[in-house]
Amino acid sequence: MSFKITDECIACGACEPECPNNAISEGEEYYVIDPDRCTECVGFFATQQCAEVCPVDAPVPDPDVKETREELLAKFQRLNPGKAPA
Ligand code: SF4
């Protein structure tokens with residue numbers, strides 16, 4: 001499932017450069033994650049980089065966007081053609 005950023009976000013911007021899929025951008029009130037680009041970091045890292053760097057634990061799994069690991073890997077391949085998953 002994609003991650004999402006809750007309204008706990010203090011808009012510090014720490015997460016944006018850490019996302020390997022460029023899924024994070026500044027929204028109207030706080031940062032947002034594009035679910036079409038979030039792979040939960042599958043293919044790159046074992047942990048979610050946005051959640052790792054967030055000082056207020058604002059990035060959380062989005063229960064409304066359920067995806068299997070296979071689906072996340074397929075998204076990784078679509079977003080990063082030719083790249084081998086880590
Ligand atoms: Fe990006 Fe990974 Fe966070 Fe998803 S979980 S938004 S891929 S850093």
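We count ligands from 1, going down the list as the structure has it; atoms in each ligand are counted the same way.
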Nearest non-hydrogen partners of E71 and K66, listed with the distance: OE1-O, 4.2 Å
Atoms of type N/O/S from protein, distance to atom 4 (Fe) of ligand 1 below 2.8 Å: 1
Nearest heavy-atom neighbours spanning F3 and C38: N-SG, 3.3 Å
Linked, directly or transitively: Y30 and I33 (ILVMFWY side chains, under 4.5 Å): yes
Closest contact, heavy atoms only, E40 versus L72: OE2-CD1, 3.4 Å
Over all atoms of both residues, closest heavy-atom pair of A23 and R37: CB-CB, 3.6 Å
Non-hydrogen atoms of C50 and I24 that approach each other most closely: CB-CD1, 3.7 Å
